[in-house]
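Input: a single structure, listed below in structure tokens.
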Protein chains: 2
Amino acid sequence: MASIKDVAAQAGVSVATVSRVLNSHPSVSPDARTRVRAAVDALGYRPNAVARSLRTDQTRTLGLVISDVLNPYFTELARFVEEEARALGYSVIIGNADERPELQDHHVRTLLDRRIDGLLVSPADGDSSLMADVARGGTPMVFVDRWMPGVDVPVVRADGRDAIRDLVAHLHALGHRRLAIIAGPAATTTGNERVEAFREALRAYALTLPDVHIGQGDFQADSGRRVTERFLALPEPPEVVFAADNLMALGALDAIRAAGLRVPQDIGLAAFDDIPWFVHTDPPITAIAQPTGELGRAAVRALVDIVEGRSPQSVTLPARLVVRRSCGEPAPDRRSNR
Amino acid sequence: MASIKDVAAQAGVSVATVSRVLNSHPSVSPDARTRVRAAVDALGYRPNAVARSLRTDQTRTLGLVISDVLNPYFTELARFVEEEARALGYSVIIGNADERPELQDHHVRTLLDRRIDGLLVSPADGDSSLMADVARGGTPMVFVDRWMPGVDVPVVRADGRDAIRDLVAHLHALGHRRLAIIAGPAATTTGNERVEAFREALRAYALTLPDVHIGQGDFQADSGRRVTERFLALPEPPEVVFAADNLMALGALDAIRAAGLRVPQDIGLAAFDDIPWFVHTDPPITAIAQPTGELGRAAVRALVDIVEGRSPQSVTLPARLVVRRSCGEPAPDRRSNR
DNA sequence: CGAAGTCATGGAATCGATTACACGGATGAT
DNA sequence: ATCATCCGTGTAATCGATTCCATGACTTCG
């Protein structure tokens with residue numbers, strides 16, 4: 001593969017001049033410029049990004065560590081992240097943590113070894129002292145969707161509080177009173193937050209959330225299944241199950257169906273995170289949709305702000321309720337306020 | 001960030017010795033070894049992968065360019081690819097071509113600029129002279145799922161021929177005679193292959209595949225919708241629609257539902273590529289499942305074989321029919337042979 | 001006892017770029 | 001005419017590793 005030396009030789013100039021042309025430095029004669037251009041084309045020369053990175057100490061690459069690629073929500077997020085990054089002239093390396101802290105750490109370390117310019121993380125369950133170290137070490141970093149308390153970096157996320165309130169209002173209006181939730185891992189911020197918001201929304205209707213109606217899930221389908229089986233085995237099973245993410249909702253649907261029950265006649269189901277497939281399930285599932293595109297874009301912008309020395313902003317965007325048929329008759333209006 | 005020089009100074013040895021310890025070269029005294037190890041720990045030193053790559057001319061990184069990350073089939077494939085690569089000591093950089101040849105070329109170029117050790121590609125529609133150049137240029141390369149005729153690199157893929165034959169047998173047994181297909185882009189190998197296999201399978205039952213029953217899709221949901229609308233507008237609409245991938249099946253389902261028809265009573269639906277959601281759609285969709293995990297693993301192994309100087313193998317694995325309810329009453333046995 | 005070999009180690013070249021600095025020639029101001 | 005500027009260019013240092021080669025100490029064997 002041709003190097004800058006070959007180009008210089010072919011064009012009859014020094015490597016410095018070639019480099020100047022490549023980086024469009026003003027101080028190059030038109031003549032030299034065209035000769036270099038010609039040599040570049042003739043040799044099919046492409047600058048070696050590795051060498052360039054070593055010298056300039058920047059890779060124009062961002063790392064994205066997400067908790068689970070198979071979760072359509074994160075896949076979509078990753079897509080938007082890459083899109084925005086590309087628009088800003090950066091590449092993205094994705095690491096899939098598979099909800100395992102040690103895998104997450106592995107990816108963070110590998111990414112750091114490659115001297116990525118910045119790190120976008122949606123932290124998995126469990127504590128990672130590494131993450132705090134990295135942030136303190138000065139690596140540009142932004143949390144997206146989830147974050148770690150005590151680690152001082154910008155957070156880009158959706159606030160589901162209002163949407164959850166709308167959901168509870170919707171369920172209450174349909175006559176449901178015994179509501180249960182399949183929570184995410186306690187150690188994830190989104191896990192906790194959704195339970196808290198749910199509990200608070202219930203309080204407005206003088207409803208409570210007893211412990212037996214809080215199932216401990218891990219954001220994976222299997223846990224949704226297990227928790228739901230336990231709910232169904234209760235002397236008085238809940239009338240509606242609210243899953244804190246889409247995969248657990250899927251598991252719940254499985255469990256309900258395996259028990260020979262029908263949605264929504266026998267039991268209702270709602271989910272956090274809306275995905276295209278929820279339109280096509282039997283029945284279509286009522287869900288809370290996050291503005292994934294905006295989230296991904298904002299996260300990249302915040303990160304690049306840090307990388308390029310501007311001051312970044314934490315961003316919180318609202319999620320919104322999308323009513324379908326999995327909790328009972330659809331409301332005539334999409335947003336039912338009380 | 002600490003460099004090898006800092007470690008050397010701290011340990012009171014030369015950088016050469018540090019490097020030897022790091023690469024577990026035998027010829028280092030136990031004493032020096034422990035001093036270096038201590039210095040590494042004390043400084044939290046991690047070797048700069050960029051510098052190392054420049055010197056050794058290998059990045060221990062593979063590039064994966066896939067046609068559409070939002071397609072669950074490819075997401076799953078990517079996951080397995082990363083898993084196997086990690087097991088073999090490689091990282092993976094994923095590029096999403098979004099079914100756009102120019103984006104695909106962009107990613108290939110960027111990946112090459114970063115001097116990845118090998119390239120795994122599932123080529124999108126359209127011709128890319130770049131790809132042929134790259135292969136000829138000696139970059140280790142393997143096609144996965146789809147390939148480009150005329151480009152001489154190993155191909156790892158699933159053969160759907162038998163499964164499609166099984167599908168047609170299943171449909172025929174259920175009494176269906178007017179069968180239509182939503183094809184993939186003509187320029188993709190999988191696009192063509194599936195149509196041909198379908199046509200051939202029909203021939204065994206003396207059925208034909210008229211042109212009006214071949215819809216030109218692009219592997220995206222929207223195209224499935226459009227093609228299906230056209231099918232439904234036919235004086236004699238098909239009794240079953242077979243979509244050549246899962247997203248187009250989704251689009252077809254939309255169109256069918258928008259037309260006020262029911263699956264499978266009014267029209268049947270089957271898809272190539274099985275995904276978890278097909279169990280939960282209304283009704284569950286009959287599909288042809290590819291051995292995604294094996295495909296991903298085999299592709300990485302073949303690529304790493306080339307990278308490390310062994311001779312690689314093309315691999316073809318069988319796909320299999322998974323009968324559900326979207327084409328009519330489920331057959332009692334899963335594989336209906338005539 | 002001396003030659004040959006082994007082993008641990010350090011110096012320095014190298015990978016392919018970027019960039020500070022020096023230099024010579026042209027231009028412009030006084 | 002003289003001196004300061006500016007412009008285009010090249011030389012060489014540099015980034016952080018790896019690795020060839022030389023060196024000196026020590027072992028081994030005839």
Side-chain angles (χ1 to χ4, degrees), chain A residues 1-37 39-40 43-61 89 91 109-117 139, chain B residues 1-40 43-61 89 91 109-117:
Chain A
M1 194 153 278
S3 84
I4 196 170
K5 272 191 209 150
D6 305 317
V7 176
Q10 171 100 1
V13 298
S14 74
V15 294
T17 301
V18 175
S19 177
R20 290 197 188 95
V21 172
L22 261 34
N23 297 283
S24 42
H25 184 102
S27 178
V28 179
S29 69
D31 175 51
R33 195 179 303 277
T34 52
R35 289 217 315 284
V36 169
R37 290 255 162 76
V40 165
L43 297 171
Y45 168 75
R46 303 235 79 210
N48 182 329
V50 174
R52 182 181 294 204
S53 296
L54 178 59
R55 184 60 233 257
T56 61
D57 200 34
Q58 49 160 322
T59 50
R60 297 207 69 85
T61 302
S91 296
R109 244 187 294 267
T110 316
L111 258 11
L112 254 36
D113 287 353
R114 297 182 176 235
R115 300 302 193 266
I116 43 128
D117 293 342
T139 303
Chain B
M1 194 154 278
S3 85
I4 196 170
K5 269 189 211 154
D6 305 316
V7 176
Q10 171 101 0
V13 297
S14 73
V15 294
T17 300
V18 176
S19 177
R20 288 197 189 94
V21 173
L22 261 32
N23 297 283
S24 44
H25 185 102
S27 189
V28 179
S29 69
D31 175 52
R33 196 179 303 275
T34 51
R35 288 215 318 283
V36 169
R37 290 255 163 77
V40 165
L43 298 172
Y45 168 75
R46 305 234 78 211
N48 183 328
V50 174
R52 184 181 295 209
S53 295
L54 177 60
R55 185 59 234 258
T56 61
D57 200 33
Q58 49 161 321
T59 50
R60 296 205 72 83
T61 301
S91 297
R109 242 186 294 267
T110 314
L111 258 12
L112 255 34
D113 286 354
R114 297 184 174 236
R115 301 300 192 266
I116 44 128
D117 292 343

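Just so we're on the same page: letters track the sequence lines, and every chain starts at 1. Worth knowing before you read on, the calculation uses all heavy atoms, side chains too, and leaves out hydrogens, waters and symmetry mates.
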Close N or O pairs between protein and nucleotides 26-28 of chain D (under 3.5 Å):
none

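- Using a distance-only test at 3.5 Å, with no hydrogens or angles considered, a donor-acceptor pair links the side chain of A:Arg60 to the main chain of A:Gly89.
- Looking at heavy atoms from C-beta onward, A:Ser19 lies in side-chain contact with A:Ile4 at the 4.5 angstrom threshold.
- Between the CD1 atom in A:Ile116 and the OG1 atom in A:Thr61 there is a gap of 8.5 Å [rounded to 0.5 Å].
- Rounded to whole angstrom, the span from the NE2 atom of B:His25 across to the C1' atom of D:dC20 amounts to 11 Å.
- For B:Ala51, whose side chain is taken as the heavy atoms from C-beta onward, the closest listed nucleotide among D:dA17, C:dG10, C:dC15 is D:dA17.
- Shown here for A:Ala51 and B:Leu54, the closest heavy-atom pair between the two residues is CB-CD1, 3.8 Å.
- Partners of B:Thr110 by side chain to side chain contact (heavy atoms under 4.5 Å, CB included), not counting sequence neighbours, listed by chain and number: A:Ser91, B:His106, B:Arg114.
- Here C:dC15 presents its P atom at 17 Å from CD of B:Gln58, a figure rounded to the nearest Å.
- Rounded to whole Å, atom P of D:dT18 lies 5 Å from atom CZ of B:Arg52.
- The salt bridge (charged side-chain N to carboxylate O under 4.0 Å, His left out) pairs that include a residue from residues 9-31 of chain A are A:Asp31-A:Arg35, where partners are two or more places apart or lie in different chains.
- Here the P atom of nucleotide C:dA17 and the CG atom of B:Asp113 are 10 Å apart, to the nearest Å.
- One N or O on the side chain of B:Asn48 and one on the backbone of B:Val50 form a donor-acceptor pair closer than 3.5 Å.
- The end-to-end axis angle of the helix from C:dC1-D:dG30 to C:dT30-D:dA1, rounded to 10 degrees and based on five pairs per end, is 40°.
- Contacts between residues 26-35 of chain B and DNA chain C, defined by a heavy-atom separation under 4.0 Å, are made by B:Ser27, B:Val28, B:Ser29, B:Ala32.
- What separates CG of A:Asp57 from P of D:dT14 is a distance of 16 Å, to the nearest Å.
- Among the protein residues, B:Val50 comes within range of no part of the nucleic acid, since none of its heavy atoms lies under 4.0 Å from any strand.
- Under the salt bridge (charged side-chain N to carboxylate O under 4.0 Å, His left out) criterion, no residue pair touches residues 3-18 of chain A, with sequence neighbours excluded.
- If you take CG of B:Asn48 and C1' of D:dC15, they are 9 Å apart, rounded to a whole angstrom.
- Remark: A:Arg46 engages B:Asp113 in a salt bridge (charged side-chain N to carboxylate O under 4.0 Å, His left out) (not counting sequence neighbours).
- Protein atom CG of A:Leu22 is 11 Å distant from nucleotide atom C1' of C:dT18, rounded to whole Å.
- Residue contacts shown for B:Val18 are absent, as no nucleic acid heavy atom lies under 4.0 Å away.
- Not a single side chain to side chain contact (heavy atoms under 4.5 Å, CB included) links A:Arg55 to another residue, sequence neighbours left out.
- Under the rule for a side-chain hydrogen bond (donor to acceptor under 3.5 Å, both in side chains), A:Asp57 has no partner lying at least two apart in sequence or in another chain.
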Under 3.5 Å between N/O atoms: give me all the protein pairs with nucleotides 19-23 of chain C, atom names plus distance.
none

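- Among all heavy-atom pairs drawn from B:Arg52 and B:Asn23, the shortest one is NH1-OD1, 4.2 Å.
- Residues B:Asp117 and B:Gln58 share a closest heavy-atom pair of OD1-CA, 3.5 Å.
- A heavy-atom distance below 4.0 Å to DNA chain D is reached by these residues of residues 5-12 of chain B, ordered by number: B:Lys5.
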Residues 9-17 of chain A side chain polar contacts: donor-acceptor under 3.5 Å, at least two apart:
from	atom 1	to	atom 2	distance (Å)
A:Ser14	OG	A:Ala16	N	3.3
A:Ser14	OG	A:Thr17	N	3.4

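- When rounded to the nearest whole Å, the span between CD1 of A:Ile4 and P of D:dT9 equals 15 Å.
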